Every structure is written in structure tokens, then in C-alpha cells.
Amino acid sequence: MKQYNSKFLLLATLALSLASCSKNFDDPSATPNNNALSTSTGLTGVAVGVQKQYSVGRQSALYNLVTANGFTSFELSLRNEGNVDEFNLSKGGINVDGNNGVLGNLWTSSLKVIFDANNVIDNAPKLGDKNYASGLIAYASIFKALALGNLAMFWEQVPESIGTNVSFVDREEGFAQAIETIDAALAAIAANPISNQFLANIPAGIEIPNTLQALKARYSLFTGNFPAALTAANAVNLTSKSTMNFDAISPNPVFNVATATNNVFQVIDSTFGLPEALRPDMSDGRLAFYMNLNTTIAPRWRIKGFGADLATPWAIYVPGEMTLIKAEAHARAGAASLPDAITELNKILTKTSATDPFGIGANQGPYAGAVTQDAVLTEIYRQRALELYMQGFKLEDMRRFNRSNEPNVEKKRNFFPYPFRERDNNPNTPGDPNF
């Protein structure tokens, strides 16, 4: 099974080195070396580099997404106060400022992904092979949408574009841009199905059409467009997997930084960081999926799940997310749709690990709570916190489900301050939120 094999690591490295020599990242009018953007080989190298930029290393968007959300939403426990940025996130409130390296890396990596993905998306249509081009567009669009979603989940306003002194727009526009990017990619592959040659030339793991629909469902949900979220979620094949794969050369960043060292963070514990009324039963199968219990060396509860090992693939989405999106869309439609919401909710509650593509199963009884919108939505929130643990969505969920805004009750910040590296170079940077 191909991951980041040496041929394509070389391709990506070459394309990125050409880009770094010939463009100012802050200048959208400057582009990488023409050779990297005018051939299928060059564009493939840039596109593979986009995935690597997003997913590999301590500076990657993936590591910093998990870390920023995890500490802020009580999912993680700090192991060493010498990791200053993680320590400050664990304290929350005013301890988190624009100098925080985790936030700075999440911001910069996401913007870099958008910039390079734009170069692929803009230049791929010039290729003669339209089926290869559509693959490039769709593949790069996945990471552009993820990066836009990251910015919109954690900051009140997001840059309108990539460049010097850019304006900022409300974060809802960031989600809208992500959906627009996805829709354009879906149109491209509908017009020209992705060629097998392209699929053979990128890292294994990503199932492109399903991933585009899954991300559309996610970001439609976050914008409150529940009918669109339901439609997109229904379009996802729940028996398939879509993952970012890793190996010894490009290791899983959560494992490499945290799991393997036991020196940065670990899972919080069997509570999943939830208030007492929402905590899982100890028989819940997701405990065994996401956590290891160590009875001899502290801490007792340790990272498993998608950060279990050096080569453990990271899910871009899990099928249970789509089911819970359907449940929420039905629940928010009103009382008449609550039976449909409960039907979807029960698919999560009663699911066994054997029936889930990733092995995530609650193995619990069906919903037995009140058949009211508030009660059903609360259970959906609870199930999202368990099913999607350490995947970066809990802070966004807490806002949508109107969880407590009191500092350090259920979250340690509501939105993040803007990185100093942006503020120092862009006079249009908005003021920081109070909490």
C-alpha cells in the first residue's frame, strides 16, 4: 500500500523547493517556478506537497488543530510544562496570546496550504489531460477546504485571501469559501472523472468523491445550512475510509510528538473531558478505541485511536460523523423530525466496532431519553464528543450547541487571538476576542 513513497516525496520536495526559491508566500501575484505549475508531474508534486504540509510534523495544521482544540476543550492533559505553548493553551484565558506557537503554526500552515492548493487548482485546467486535471483539482481542494475550515473554526474573522495587507471577513465566509471550493471540485470530477493514472500518482488513502461530500456536509452543518448538510451526508458511502497515511519517513504527527514521547500531552481520561452528566459509561467501546489504560506508569489513560502508532492513518472524516450530521439536521428541523433524529442517533449508540470501517463502536443501548429537541440535541452533542474525540471539532460544537461560555467550565477559550506574526505584518488584523 503506497503512502509517501520515495518517488513522490522527491517530487513534492522538488516542487516545494522551487516554490520557496521563487515566490514570496505573502504575495499572491508571485508563483512557483513555471515548470512546477505547467506539467502534470510538477503539479502533482505541488499537490502531494500540500498534503505533506497539512499533515506531517509538529508545525503541521493537523498536529496544531488537534492540540489547540484538545487543550481548549478539556480533551487533553499536559505532560510537561516546559512545552510552553501547550502549557499556555492548557491554562487558557489570557495565558493564550498572539505569541502562542501552536496557534501561529495552525494559522501559517493553513494559509500555506491554501496558497499552494490555489496554485494547483488554478493551473490544472491548462493541462491537456482533463481527467488528470480534475483529479488534481479535487485532491488539492480537499486540503484547501480543510485549511479554510480550520481558520473559520478557531478565529472570529479570517483573511479574505492570501497576500499582503489583506482584508478580513466573518468566519462564516471562511466556511462558505470551503463549500464553494468543494462544489467546484465536485463539478470538475462530474465533468471529467478522475483518471486512474492520477490516483496512482498520489499517496494512498484518500477516497476523493466521498471526502468532498463529507467535508461539504461538515461545513454546511457549521454554517447552519442543515438541509445541505443532510443531502451531502447522505451522499457519503459509510462503508469506505478516507485517510492521510504515514510511514517512517513521514510519521503520524500526534504519535511522533505526543504518544511516543509521553512528554507533551495525553488524553484527559475516561471522562473525555465532558461534564459529569454527559460522561460515557465505562462499557462504551470508544474508550477502548481512543485510549489505552496503563495500570503501572502514569498517566493511566494514554493516546490510542488515530494517534496510536507511527504509521497509524488519520481519518479525514469518520463515518459516524456523517450519521451524527444527519441526526443533528433532523433534530434541528423541529419536533416532527425528532423520530428521524433518534433513528440516526441509535445507529451510533448501538454500533459495534465490527461494523465500523475504523473499528469505532459504542456498543450501547438505544436512546432512552426525553423525546424533546433539547434532550435529543444534548445527546447528539455528547455522541459527537465521544465519536469524534481528538479530531478538532469540539470547540466548534460547543458554540453550536450553546454549551457554557463561562471560562474553564467546559472550555478555556471561545475564540483565539490572532497570531502576532499576522498582526505585525497586516494592519487590517482585527482586535482579539476577550475570551
Side-chain angles (χ1 to χ4, degrees), residues 25-29 31 46-47 50-51 53-55 61-62 64-65 68-69 103 106-125 134 136-190 206 208-209 211-229 231-233 235 316-317 325 392-393 395-396 399-400 415-416 418-419 422 426 428-430:
F25 167 58
D26 292 326
D27 180 3
S29 65
T31 58
V46 175
V50 169
Q51 177 172 345
Q53 168 76 30
Y54 185 89
S55 62
L62 177 58
N64 291 288
L65 164 70
N69 178 80
L103 301 187
L106 178 58
W107 182 269
T108 300
S109 180
S110 295
L111 291 176
K112 182 68 164 64
V113 164
I114 294 167
F115 182 92
D116 287 333
N118 281 342
N119 278 326
V120 175
I121 293 165
D122 292 344
N123 286 279
S134 71
L136 282 165
I137 292 166
Y139 176 58
S141 293
I142 286 170
F143 292 97
K144 178 180 178 180
L146 285 167
L148 285 164
N150 290 345
L151 296 175
M153 284 193 293
F154 296 110
W155 283 277
E156 289 180 304
Q157 296 186 52
V158 299
E160 187 175 30
S161 60
I162 307 294
T164 303
N165 295 341
V166 298
S167 300
F168 280 68
V169 295
D170 187 85
R171 72 191 196 97
E172 297 293 326
E173 179 59 27
F175 289 134
Q177 287 182 25
I179 294 168
E180 182 180 343
T181 298
I182 293 164
D183 281 341
L186 287 169
I189 62 176
I206 297 178
I208 292 176
T211 303
L212 289 167
Q213 292 288 0
L215 295 182
K216 182 173 182 178
R218 177 185 298 168
Y219 299 131
S220 295
L221 183 78
F222 291 172
T223 61
N225 188 344
F226 303 117
T231 298
I316 301 178
Y317 69 92
I325 286 173
F393 310 130
L395 186 59
E396 180 67 32
R399 299 190 208 103
R400 197 171 67 260
F415 285 103
F416 289 136
Y418 298 91
E422 181 73 24
N426 185 356
N428 297 318
T429 306

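None of these values were measured; they are calculated from a predicted model.
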Between Ile325 and Ala233, which heavy-atom pair has the shortest distance, and what is it?
CG2-CB, 4.1 Å
Any idea how Trp155 and Trp107 line up, ring-wise: parallel (<30°), tilted (30 to 60°), or perpendicular (>60°)?
perpendicular
Supply the atom-to-atom distance Thr211 OG1 to Lys216 NZ, rounded to the nearest 0.5 angstrom.
15.0 Å
Taking the six-membered ring of Phe393 (Phe, Tyr or Trp), confirm whether the NZ or CZ of Arg400 is under 6.0 Å from its centre and within 45° of its axis.
no
Atom CZ of Phe143 and atom CG of Leu215: how far apart are they, to the nearest 0.5 Å?
9.5 Å
Grab the two heavy atoms, one from Arg171 and one from Arg399, that are nearest each other, plus how far apart they are.
NH1-NH1, 3.6 Å
Given Val166 and Asn428, is the side chain to side chain contact (heavy atoms under 4.5 Å, CB included) satisfied, shown in steps?
CA-CA 7 Å; Val166 298; Asn428 297 318; 5.9 Å; no
Does the pair Glu396/Arg218 count as a salt bridge with the N-to-O cut at 4.0 Å?
no
With distance as the sole test, does Ser134 use its side chain to make a donor-acceptor pair with the main-chain N or O of Ile189 at under 3.5 Å?
no
Closer than 3.5 angstrom, by distance alone: can the side chain of Tyr418 be matched with the main-chain N or O of Gln157 as a donor-acceptor pair?
yes
What do you reckon, is CD of Glu172 surrounded by more than 12 foreign heavy atoms closer than 6.0 Å?
yes
Give me the atom names and distance for the closest heavy-atom approach of Leu106 to Ala61.
CD1-O, 3.7 Å
Do Asn123 side-chain atoms and Asn119 backbone N/O form a donor-acceptor pair below 3.5 Å?
yes
For the side chain of Asn225 and the backbone of Ser220, is there at least one donor-acceptor N/O pair under 3.5 Å apart?
no
Looking only at heavy atoms, which two atoms of Val120 and Leu136 are closest? And how far apart?
CG1-O, 3.7 Å
Walk me through whether Asn69 and Met153 qualify under side chain to side chain contact (heavy atoms under 4.5 Å, CB included).
CA-CA 10 Å; Asn69 178 80; Met153 284 193 293; over 6 Å; no
Interatomic spacing from CG in Leu146 to CD1 in Ile316 - rounded to 0.5 Å:
6.5 Å
Looking only at non-hydrogen atoms, find the nearest pair between Ala68 and Leu103 and report the distance.
CB-CD2, 3.9 Å
Audit row: Phe222, Ile179, side chain to side chain contact (heavy atoms under 4.5 Å, CB included) steps and yes/no
CA-CA 11 Å; Phe222 291 172; Ile179 294 168; over 6 Å; no
Look up atom CZ in Phe175 and atom CG in Leu151, then write down how far apart they are to the nearest 0.5 Å.
9.5 Å
For a side-chain contact (heavy atoms from CB on, under 4.5 Å) with Val50, tell me which candidate from Ile142, Asp116, Asn118 qualifies.
Asp116
Hey, could you give me the CG/CD1 distance between Asp122 and Ile137, rounded to the nearest 0.5 Å?
9.5 Å
Separation between CZ (Phe168) and OG (Ser161), nearest 0.5 Å, reads 10.0 Å
Leu111 versus Pro159: any side-chain heavy-atom pair under 4.5 Å?
yes
Closest heavy-atom pair and its distance - Ala147, Ser110
CB-O, 3.4 Å
